[in-house]
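In what follows, a structure is listed as structure tokens, so that the remarks can point back to it.
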Amino acid sequence: MGKRILIAMGIFASLLSVAVAIPGIATFYTNYVPSACYGNKGFGVMIAAANDSLWNNGAACGKVFHVTCKGPRNPVPHPCTGKTVTVKVVDHCPGCPSTLDLSKEAFTQIANPVAGIINIDYIQ
């Protein structure tokens, strides 16, 4: 009976994580310092810049998001790797066409960088 409960909890957790994922768009950038959140302090390469609505006057600084590629936004076929990447928001991307502007290294974890722009799901 204990195994059934664990299995049921696992299924529920999986469904919950899918249910709360937010659709968005991702692009990538390559100059990480200085950043709007932390100035000249670097935070490695698994980072992102938030668009205006996600930025929310700096409230997004330091938030961590799990990002998964869901498909192409241009003619590049099958850009997704099937992986999820975890990034920390360290910057603002004013006027960005994307929800999250990922570091090139983070983008490459989830998609072929040749695509340049992809559909994503993200959760905090």
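By convention here, the first residue in the shown sequence is residue 1.
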- Validation row: Val45, Tyr32 side chains within 4.5 angstrom (heavy atoms): yes
- Item | Stepwise side-chain contact (heavy atoms from CB on, under 4.5 Å) check, Ile22 with Ile123 | CA-CA 6 Å; Ile22 302 167; Ile123 57 173; 5.7 Å; no
- Query: Can you tell me how far NZ of Lys41 sits from OG of Ser35, rounded to the nearest 0.5 angstrom?
  - Reply: 10.0 Å
- Give, for atom CG of Leu54 and atom CG of Asp101, the distance between the pair rounded to the nearest 0.5 Å. 12.0 Å
Determine all donor-acceptor pairs shorter than 3.5 Å in which one atom belongs to a side chain in residues 106-114; sequence neighbours excluded.
residue	atom	partner	partner atom	Å
Thr108	OG1	Lys104	O	2.7
Asn112	OD1	Val114	N	2.9

- Message: Is it true that Thr86 and His66 share a donor-acceptor pair across their side chains at a distance under 3.5 Å?
- Response: yes
- Asn119 side chain vs Pro23 backbone, donor-acceptor pair below 3.5 Å: no
- Query: Trp55: which other cluster members, linking ILVMFWY side chains closer than 4.5 Å, directly or transitively?
  - Reply: none
Extract all donor-acceptor atom pairs below 3.5 Å that involve side chains of residues 89-99 and protein atoms in other chains or at least two apart in sequence.
residue	atom	partner	partner atom	Å
Asp91	OD1	Ala36	N	2.8
His92	NE2	Asp52	OD1	2.8
Ser98	OG	Thr27	OG1	2.9
Ser98	OG	Leu100	O	3.4
Thr99	OG1	Ile25	N	3.1

- Message: Please identify which of these residues, Val85, Thr84, Ile118, meets the side-chain contact (heavy atoms from CB on, under 4.5 Å) condition with Val67.
- Response: Val85
- Item | Stepwise side-chain contact (heavy atoms from CB on, under 4.5 Å) check, Tyr38 with Ile47 | CA-CA 12 Å; Tyr38 303 106; Ile47 55 173; over 6 Å; no
- When rounded to the nearest 0.5 angstrom, what is the spacing between CD in Glu105 and CZ in Phe28? 10.0 Å
- Message: Could you walk me through whether Lys63 and Lys88 satisfy the side-chain contact (heavy atoms from CB on, under 4.5 Å) test, starting with their C-alpha distance in whole Å, then the side-chain angles of each, then the deciding distance to 0.1 Å, before giving a yes or no?
- Response: CA-CA 6 Å; Lys63 289 189 176 180; Lys88 180 176 185 170; over 6 Å; no
